[in-house]
Amino acid sequence: MTLAKRLGFEQSPVFLVDGTAFFYRGYHAFGDLSRSDGFPTSALFMIFRLLFKLLKEQEPSHLVFFLDGRGPNFRSKIYSNYKANRDAMPEPLARQVEPLRQGLRLLGVPVIVPEDAEADDGIATLAARFRDIRPVVIVGADKDLKQCLDDRVVLYDPSGKAEKLTTKAAFTAECGIEPASWPDLQALVGDTSDNIPGVPGVGPKTALAILRTLPTLEAVRDNLDAVPVSARKKIEPFLEAVFTYRALTRLRTDILPDTALADALLAKPDTAGLRAFLESYELRTLAREAAVLPTDPAGKAAQAAAPKAAGAATQLSLFGNDRPCPPPVEPGAARDFVPATGLPDLSGRAVALVPVAGGFTLSLGPAECATDAAPAELAPLLATASRVAVPSVKALLALDPAFEALPLPTWFDLGLAAYLLNPEQRNYGFERLRDSLFADPAVDASDLSPADTAKAAARLADLLASRLEAAGLSDLVARLELPLVPVLLSMERIGIGIDTAALAAFGAEVATELARLEGAIRELAGEGFNPRSSRQLGEVLYGRMGLKPRGKTPGGAASTSQEALERLAGENPLVDRILEFRKLEKLRSTYLDPLPRLADAAGRIHTTFNNLATATGRLSSSNPNLQNIPIRGTLGRRMRECFVAAAGKKLVAADYSQIELRVLAHLSGEPALLAAFEQGADIHARTAAILFDKAEADIRPDERRQAKTINFGLLYGMGPQKLSRDLGIKLDAAKAFIEKYFERLSGLSTFYQGIVDTAKAQGFVTTLAGRRRLLPEIHSANSQLASQARRQAINTVVQGGAADIIKMAMLAAHNDPELAGLGAAMVLQVHDELLLETPEAAAQAAGERLSALMCGVVALAVPLAVDWGAGQTWGQAH
DNA sequence: GCGACTCT
DNA sequence: AGAGTCGC
């Protein structure tokens with residue numbers, strides 16, 4: 001939804017973009033991004049990504065991009081220290097300025113560089129000038145922009161993970177002052193980034209308290225009696241200075257005298273030129289995006305400004321026609337969309353279907369045609385085809401449920417096929433697959449043009465189908481992966497309920513505790529200290545306080561990881577607070593704050609399950625990730641209590657017990673493991689008994705812990721170094737420990753060797769269900785890469801085997817008539833756990849049925865075991 | 001991109 | 001070992 005709609009603006013807003021800020025931010029966020037010849041492109045990437053997003057989502061008619069001018073401006077005349085601690089623009093950034101201007105020209109975006117002032121002043125000026133004609137959206141994140149807020153002026157920050165929208169109402173609710181008082185606030189509090197000192201000893205709390213009753217510095221000066229004594233004493237010596245500070249923070253609204261709304265009008269982009277430009281900086285994804293940008297801002301302006309025909313004409317002639325537009329380009333490629341009635345009979349044919357803007361394109365033999373037929377019209381036609389190849393079945397079914405009418409075996413999923421052939425690429429999108437068609441030396445693509453869509457999809461389908469067959473993967477697709485797609489979609493659609501009230505209460509407690517901790521930390525580390533910055537923490541701990549680093553990061557810096565910090569605990573009071581702070585801050589920033597915002601009107605969260613994400617065959621979950629919700633400790637428990645069943649329902653949680661070790665026992669045939677699982681023994685205690693030559697009953701908790709660590713470690717191919725660190729023992733001891741382990745469980749030793757041998761011989765390993773992972777590095781001369789590949793080989797058969805099993809269980813559960821009859825619906829998968837939502841009365845029966853299905857889904861050399869529970873919340877169900 | 005933290 | 005998200 002566009003911002004205009006969300007905010008109830010009837011006209012299309014003017015967008016004022018704080019270009020300089022995003023330019024810098026791009027440089028910091030993607031600092032290492034560069035063209036292959038080393039030319040830096042990080043800021044260009046950031047800016048064009050941002051603008052494309054704005055153009056696509058908001059379809060603006062008016063947008064201005066502001067940049068700071070070079071050299072000092074009026075502020076340095078008022079106050080020589082202004083921004084004195086800010087360096088000149090870094091060279092890699094400066095080199096991107098000219099390309100940026102060139103790109104903006106091609107995109108048709110007006111650029112304004114205020115003279116003797118900053119970008120923010122230009123924004124404030126035009127916001128004030130335009131707000132009575134048009135609503136204004138300021139695109140930026142600088143806090144000083146808050147002073148521009150108004151009923152028709154909002155602040156929008158679309159970059160970063162969660163976009164942020166600030167309205168005047170939100171601002172006054174939070175601060176209790178008017179936006180216009182912002183500069184007065186900053187003058188009192190100060191701003192380190194602009195080198196404004198503020199009044200020493202006056203922080204945001206004090207300042208806000210004062211400004212709520214005396215909203216301006218003038219009022220404060222004239223009513224000093226009304227200011228509490230302690231604050232008055234601090235402010236009095238600065239009564240003159242604060243006015244200077246305010247002049248620096250207050251944005252000007254009186255510049256750019258000749259700029260009118262017409263100057264903010266977007267011109268038509270030169271798409272071809274822009275593509276070439278982006279290609280020349282090797283920003284390929286953006287170059288492709290450039291091709292599908294909205295191309296008629298003037299027309300939209302008219303439409304948005306005045307839906308009535310007469311008004312539209314006026315607007316057009318006033319603003320649209322007096323502005324030079326680059327000549328239109330490449331609409332020779334414009335598509336003619338055939339309606340559903342114009343499509344031929346597809347029965348028995350193999351076709352490819354690709355969603356495009358405005359409809360679909362369909363391959364028909366050697367040709368392709370575009371259609372604007374609705375999914376509901378298309379589905380019956382497609383259902384008669386012998387094969388329908390698409391970039392992603394999941395995306396298509398998500399697009400419209402009408403496609404579920406097709407029989408599963410009809411689908412050919414290009415992304416899925418490519419994933420199963422080589423599960424380690426990070427991107428299985430259609431564009432990449434199509435590009436690979438041209439890059440593959442074994443493929444003759446001479447009959448295709450790079451722009452061919454459905455035709456390319458059809459070719460890819462032929463190619464991938466034969467490769468799948470040759471790799472023995474067709475069965476895996478047909479029997480497991482493809483049938484799973486509608487299951488995943490169903491889980492995503494159903495979602496899981498959250499208790500927003502419980503979450504809010506929990507969040508408030510955590511926030512209070514965080515504030516307390518932050519105060520204590522500042523007291524120990526100094527006023528400007530940011531406890532979220534590991535760099536600052538390293539400087540304080542290992543620099544100022546002289547503690548000895550207990551480890552390094554991969555980048556070589558002194559580590560401040562939990563592991564390193566825990567070893568310093570007791571040496572310094574700051575360390576404990578930081579550990580506690582981090583724990584709570586993670587909870588707040590990752591779960592407590594975002595989850596309520598992701599809930600739908602019914603209070604349910606809908607994650608996305610990605611079936612093409614992992615190298616081992618596991619699923620992943622994102623937006624939000626519901627597979628890493630905390631579980632350990634009181635806080636974890638409390639967190640899971642916030643996931644709840646709907647009224648009259650219960651949650652049933654069932655998880656496989658030790659599934660990976662059972663898979664390992666099955667594959668290796670190691671007698672000790674087989675016996676342990678056969679007898680239902682405590683596997684870690686049993687391992688400890690074997691290792692320490694003791695009866696299982698005599699094993700001490702510490703010995704069991706050690707055995708558990710080694711059991712898990714070896715699933716991951718853990719070496720002696722990591723084991724010695726994890727157990728806190730000497731390297732030699734760890735080596736001896738592992739040696740003993742493999743001696744006593746020699747079946748594992750031969751199994752591991754066998755895996756590595758087959759990986760070397762055939763170049764890949766295979767899981768229970770025939771899933772495979774290529775491991776070319778196993779032959780590497782670099783011993784580190786080679787051992788990495790050996791560990792991956794072992795981990796893949798074990799972790800991947802477990803992933804196969806739970807996927808089978810998901811199919812069984814989803815398609816089980818008994819569970820359906822009980823009204824149970826699967827809502828989550830967390831690698832070895834399935835979560836159902838069932839009517840309250842059916843929970844017991846559903847739990848029993850689900851665990852039976854999970855146990856019975858394959859017959860291994862050891863039994864599968866499942867623990868399950870039911871409750872009102874996810875926490876209780878455990 | 002990195003470092004830190006969450007999960008299985 | 002495999003993931004995803006946050007803040008810098």
Side-chain angles (χ1 to χ4, degrees), chain A residues 24-34 42 45 159-162 423-424 426 530-539 551-566 578-579 581-595 598 607-633 635-636 639-640 655-661 664 712-719 722 765 773 775 787-803 806 828-834:
Chain A
Y24 270 91
R25 214 200 284 188
Y27 172 66
H28 291 298
F30 310 104
D32 41 7
L33 199 62
S34 62
S42 52
F45 174 71
S159 72
K161 191 66 206 172
E424 275 186 278
R426 55 179 199 290
N530 179 356
R532 291 165 188 82
S533 161
S534 50
R535 234 190 90 208
Q536 285 189 28
L537 181 62
E539 283 161 16
K552 286 190 171 187
T553 67
S559 167
T560 65
S561 68
Q562 191 156 19
E563 197 194 329
L565 256 38
E566 271 162 8
I578 288 283
L579 284 169
F581 180 86
R582 279 199 184 152
K583 196 163 73 187
L584 295 176
E585 175 65 11
K586 182 73 183 178
L587 205 61
R588 183 196 65 78
S589 68
T590 311
Y591 308 105
L592 293 171
D593 277 0
L595 286 180
L598 292 168
T607 185
T608 302
F609 286 107
N610 193 336
N611 54 339
L612 314 180
T614 73
T616 56
R618 275 188 177 176
L619 298 174
S620 79
S621 151
S622 56
N623 279 307
N625 182 354
L626 294 185
Q627 291 181 321
N628 73 345
I629 301 298
I631 186 168
R632 289 187 246 280
L635 296 175
M639 193 63 233
R640 292 209 175 194
D655 65 290
Y656 280 113
S657 152
Q658 312 289 4
I659 189 165
E660 292 185 349
L661 285 172
L664 182 64
F712 272 102
L714 287 146
L715 287 181
Y716 304 152
M718 185 196 274
K722 177 133 175 64
V765 291
R773 178 177 184 181
L775 292 163
S787 355
Q788 165 98 346
R790 282 198 290 277
R791 289 195 290 274
Q792 289 171 334
I794 290 155
N795 185 247
T796 299
V797 293
V798 179
Q799 189 183 109
I806 194 153
L828 279 188
Q829 187 254 43
V830 192
H831 306 310
D832 68 354
E833 170 184 358
L834 292 177

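Quick caveat, the model's predicted, so the values are computed rather than measured. Side-chain atoms are counted along with the backbone in the values below, which use heavy atoms only and exclude waters and symmetry mates. In what follows, chains carry the letters A, B, and so on, assigned in the order in which the sequence lines appear, proteins first and then strands, with residues in each chain numbered from 1.
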Item to check | Worked verdict on A/Leu626 versus A/Phe609 for side chain to side chain contact (heavy atoms under 4.5 Å, CB included) | outcome: CA-CA 9 Å; A/Leu626 294 185; A/Phe609 286 107; over 6 Å; no
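- If you take CZ of A/Arg582 and C1' of C/dC8, they are 12 Å apart, rounded to a whole angstrom.
- For A/Thr560 and B/dG3, the shortest distance from a side-chain N or O to OP1 or OP2 is not below 4.0 Å.
- Phosphate contact (OP1/OP2 of C/dG2, side-chain N/O of A/Arg773, threshold under 4.0 Å): present.
- Residue A/Gln792 has a polar side-chain atom (N or O) positioned under 4.0 Å from OP1 or OP2 of C/dG2.
- Contact annotation for A/Gln536: no contact, since no heavy-atom pair falls under 4.0 Å across all strands.
- Atom pair A/Lys586:NZ and C/dG7:P shows a separation of 9 Å (rounding to whole Å applied).
- By the 4.0 Å N-to-carboxylate-O rule, A/Arg582 lies too far from A/Glu585 to be salt-bridged with it.
- Here the CG atom belonging to A/Asn623 is positioned 7.0 Å from the OG1 atom belonging to A/Thr607, to the nearest 0.5 angstrom.
- Here the nucleotide nearest the side chain of A/Ser561, chosen from B/dC7, C/dA3, B/dC5, is B/dC5.
- Residue A/Ala613 is classed as a sugar-phosphate contact, given heavy-atom separations below 4.0 Å to backbone atoms only.
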Item to check | Derivation and outcome, side chain to side chain contact (heavy atoms under 4.5 Å, CB included), residues A/Arg532 and A/Phe581 | outcome: CA-CA 9 Å; A/Arg532 291 165 188 82; A/Phe581 180 86; 3.9 Å; yes
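- Closest to the A/Ser589 side chain, of the nucleotides C/dG7, C/dG2, B/dT6, is C/dG7.
- No contact: A/Leu715 has no heavy atom under 4.0 Å from any strand.
- Nearest-nucleotide mapping onto DNA chain C: of A/Ser620 and A/Asn795, the residue sitting toward the 5' end is A/Asn795.
- Across C/dT5, C/dC8, B/dC7, the shortest atom-to-atom separation from the side chain of A/Ser533 is found for C/dC8.
- Here A/Leu579 contributes atom CG and A/Thr560 contributes atom OG1; the two are 9.5 Å apart, rounded to the nearest 0.5 Å.
- Annotation: side chain of A/Ile806 is not in contact with side chain of A/Ile659 (no heavy-atom distance under 4.5 Å).
- Which of C/dG2, B/dT8, C/dT5 sits closest to the side chain of A/Gln799 comes down to C/dG2.
- For A/Asn625, the side-chain atoms get nearest to C/dG4 when compared with the rest of C/dC6, C/dG4, B/dT8.
- Between B/dT8, C/dG2, C/dC8, one nucleotide has an atom nearer to the side chain of A/Asp832 than all others, and that is B/dT8.
- Note on A/Phe712: nothing from the nucleic acid sits closer than 4.0 angstrom, heavy atoms only.
- We find that CG of A/Leu619 is positioned 21 Å from P of C/dA1, with the value rounded to whole Å.
- A/Leu595 places its CG atom 17 Å from the P atom of C/dG4, with the value rounded to the nearest Å.
- OP1 or OP2 of B/dG3 has at least one side-chain nitrogen or oxygen of A/Thr553 nearer than 4.0 Å.
- Of all nucleotides listed (B/dC5, B/dT6, B/dT8), B/dT8 comes nearest to the side chain of A/Tyr716.
- The interatomic distance linking A/Asn610 (CG) with C/dT5 (C1') rounds to 15 Å, in whole Å.
- A/Asn628 comes within 4.0 angstrom of a nucleotide base, judged by non-hydrogen atoms across all strands.
- Atom pair A/Ile629:CD1 and B/dC5:C1' shows a separation of 13 Å (rounding to whole Å applied).
- For B/dT8, the base has a donor-acceptor partner in the side chain of A/Arg618 [N/O atoms by modelled type, under 3.5 angstrom].
- A/Gly555 comes within contact range of the sugar-phosphate backbone alone, with a heavy-atom separation under 4.0 Å but no base atom that close.
- With distances taken from any side-chain atom of A/Ser622 to the nucleotides C/dC6, C/dG4, C/dG7, the minimum falls on C/dG4.
- Rounded to a whole Å, the CD1 atom of A/Ile578 is 13 Å from the P atom of C/dC8.
- Out of C/dC8, B/dT8, C/dT5, the shortest distance to the side chain of A/His831 is found at B/dT8.
- Atom CG in A/Asn623 sits about 13 Å away from atom C1' in C/dC6, given to the nearest Å.
- Between A/Arg791 and C/dA1 there is a side-chain polar atom (N or O) within less than 4.0 angstrom of OP1 or OP2.
- Of the residues near DNA chain C, A/Pro423 and A/Arg535, the one whose nearest nucleotide (by heavy atom distance) lies more toward the 5' end is A/Pro423.
- Under a 4.0 Å N-O distance rule, the pair A/Glu660/A/Arg618 qualifies as a salt bridge.
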